[in-house]
Structures are given as C-alpha cells and as structure tokens.
2 protein chains.
Amino acid sequence: MERELLKGNTPTLILAVLEEGPLHGYAIAREIERRSDNALTFKEGTLYPALHTLEQQGWVISEWRKTAGERDRKVYTLTPAGRAALEERTRRWDRFAHAVDRILKKQERDEESPSLPPNSAWLPELHPGG
Amino acid sequence: MERELLKGNTPTLILAVLEEGPLHGYAIAREIERRSDNALTFKEGTLYPALHTLEQQGWVISEWRKTAGERDRKVYTLTPAGRAALEERTRRWDRFAHAVDRILKKQERDEESPSLPPNSAWLPELHPGG
DNA sequence: ATGCAATGCATTGGATAACGAGGTATAATA
DNA sequence: TATTATACCTCGTTATCCAATGCATTGCAT
C-alpha cells in the first residue's frame, strides 16, 4: 500500500524483526504486519529477493529446518554484521524521519527559530494580488 | 544522499515548503536543505521533473516572473487542491513513519504489550546452541 | 477421498522514481 | 575576462517494489 514510501526501508525492517530471534521468511512478513497493525505489508516479490540480498551481504544466514510432520522452512538468523547494519540503518532512518518532520510540521520549525522570516528573502517582490 | 529513503516523499516536501508562500524552483531546493539542516538535498534532476508533475496534477501553478536587472524565475504557487494533497500526504507520512518506528524501536513496542512473547509462537524448536 | 484455504518457497517483467550527466543562459565578482 | 552562483531543462541509468505466476505441503471441511 505504501509502495513508494517503503522504498529503501525493506532491509532495515527485516533486520529489525530478526533482532529478537531467528524467523523464517513467511513469519518475518507476518511479524512486520503484526507490529505495524497492518500498516505495512510485505509482498512475496519484495520479501524473498530482499532476504537473498541480505544473505549475500552477510547480514543474515539461512538454514533449512526440516521437521517431521511439518513443512520445511528456511530460517534466517541475524549475524553480528547484520546487527551493526541494523544500528547504522536505524540511525539513518531517525535522521531522515526527523528531517522530513521538520519540513512537514510547521509548529516545530517555528519553535526552533521563532523570530526568523524564512521565505521572504528568497522571494522576488511578489504582490499577492498580482 | 538519502536517495532511496527519499522515494515517494519528494512531492510532499515540495508542497510543504510552498505552503507558506510561492517560491521558484531553485529556492524550493535551498529551502528544503535549510529546513533539514542539509540532511535532505534536492538534485535538479529530481526537482524540476517533480515540479512539472505537480503542475500537471493541478497541485501547483507556475508563473514566469520577469524583472528588469534580474534573472527570469518560474514561481510556483500551491493550489487549493495542492493544499488538500499536502494534508493527505502528511497524514500518510505520519502513519508510515509511526509504523516504521514501532518496528524499529524495541522499547515502544514492549510498552504496548508488556507480557506477550512475540516471536516464540512462530518459531520451530530452535536450540540456540545448535 | 476431494476441494479449498493457508502456509511456504521462489522468479520474472513492468512500473515508478531519484539522480548523474549534460545542456543553455544570466548576474555578480575577482 | 574568467569564474562562480544562480536558474532553467531533459535523458539515460539505476534501484526497488510488487503483481503475476509457479510449485508443493498442511489442515480442515465436506
């Protein structure tokens, strides 16, 4: 649903849900839906390629779990490098989200610089009734 | 710099800086940099096509300002439809950002459901020392 | 037994979007 | 006069999401 907004955040979200323990692909998708109250939905065409990329980068390792009377599942585990990547990407998300918020929220910005007239300097003389 | 994270948010940010008054393209880019403390940078290859799309959608209107002794500038003004789109997109960003935060921030999530063991139900019997 | 839904893995091609590179031109400054 | 900052623009490349599609198993209702 949030197709474009999701861009670039997929690996971060996957790493985040793996932080508390190994999960298989399908469970990762369900967990992200659950934690976000279905605001974020992971499609399979997004999930599996992303997991393979993560594995190639050495941020997760996978292992097939074959249990009698149960489906085979490929279980993914976060590596130390993956944990470091998660931290770095979380910081990056925080910086980005804060920057966007500063642009979108008028109040916050005004509180930070109450006396500055931000735009007028950039404008050629614009007479509103023009 | 935050290329992938920026995806989908470009129109929202442009509409946001236009909310307080008309600006020309170059000034829009500078204003976004200024408000975000250079965390967000708008490249010209991103900015101008985005402005044209916004105009086609009827969310902004443009007007050439020709002033003697000054460069010609194309000044963009938010339309009522654009203002509505900004509100809708701002709400959408808030929902999205909050959903991502809930997945990334362990503390918040735990406070919401302190007694639930979130992942164990999903896991096949995984012995950590395995 | 049979059908259907949910689970669980995967690939591929189309669509979308950011941006580097390239182009043109004016105003200010050294 | 050369350089920098300003100011507009387009195009091809690249990255990424996801719909569509495929295959197989488990559980449940019929």
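Below, read A as the first sequence line, B as the second, and so on, with proteins coming before strands; counting in each chain starts at 1.
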Rounded distance (Å) that lies between atom P of dA7(D) and atom CD of Glu31(B): 14 Å
Within less than 4.0 Å of OP1 or OP2 of dG8(C), is there a side-chain N or O belonging to Arg71(A)? no
dT7(C) C1' sits how many Å from Phe42(A) CZ, rounded? 19 Å
From the options dA19(D), dC9(C), dC8(D), select the nucleotide whose nearest atom is closest to the side chain of Lys43(A). dA19(D)
I'd like to know if the side chain of Glu19(B) and the backbone of Arg83(B) have a donor-acceptor N/O pair within less than 3.5 Å. no
Is the closest basic N to carboxylate O distance between Glu44(B) and Arg30(B) below 4.0 Å? no
Short N-O contact, Glu88(B) and Arg91(B), less than 4.0 angstrom: no
Restricting both atoms to N or O, compile the protein contacts to nucleotides 11-15 of chain C shorter than 3.5 Å, with distance only.
| from | atom 1 | to | atom 2 | distance (Å) |
| --- | --- | --- | --- | --- |
| dT11(C) | OP2 | His52(A) | ND1 | 3.3 |
| dG14(C) | N2 | Arg3(A) | NH2 | 2.9 |

Spacing of Tyr26(A) atom OH relative to dT26(D) atom P, expressed in whole Å: 15 Å
Nearest-angstrom distance from the residue atom CZ of Arg65(B) to P of dC8(D): 13 Å
Indicate yes or no for a side-chain donor-acceptor contact from Thr46(B) to the backbone of Phe42(B) under 3.5 Å, with no hydrogens or angles considered. no
Rounding to a whole Å, what distance do you find between Trp64(A):CH2 and dT25(D):P? 12 Å
Rounded to the nearest angstrom, tell me the gap between atom CG in Leu23(A) and atom C1' in dT7(C). 15 Å
Would you tell me if any nitrogen or oxygen in the side chain of His24(B) comes within less than 4.0 Å of OP1 or OP2 on dC8(D)? no
When you check the gap from the basic side-chain N to the acidic O, do Lys105(A) and Asp94(B) get nearer than 4.0 Å? yes
Closest listed nucleotide, where the reference is the side chain of Thr10(A) and the choices are dC17(D), dT7(C), dA7(D): dC17(D)
Should Arg89(B) and Glu87(B) count as an ion pair when the cut-off is N to O under 4.0 Å? no
Separation of Glu70(B) atom CD from dA5(D) atom P, in whole Å? 19 Å
In terms of relative ring orientation, are Phe96(A) and Trp93(A) parallel, tilted or perpendicular, with 30° and 60° separating the classes? tilted
How close or far is atom P of dA7(D) from atom NZ of Lys66(B), stated in whole angstroms? 15 Å
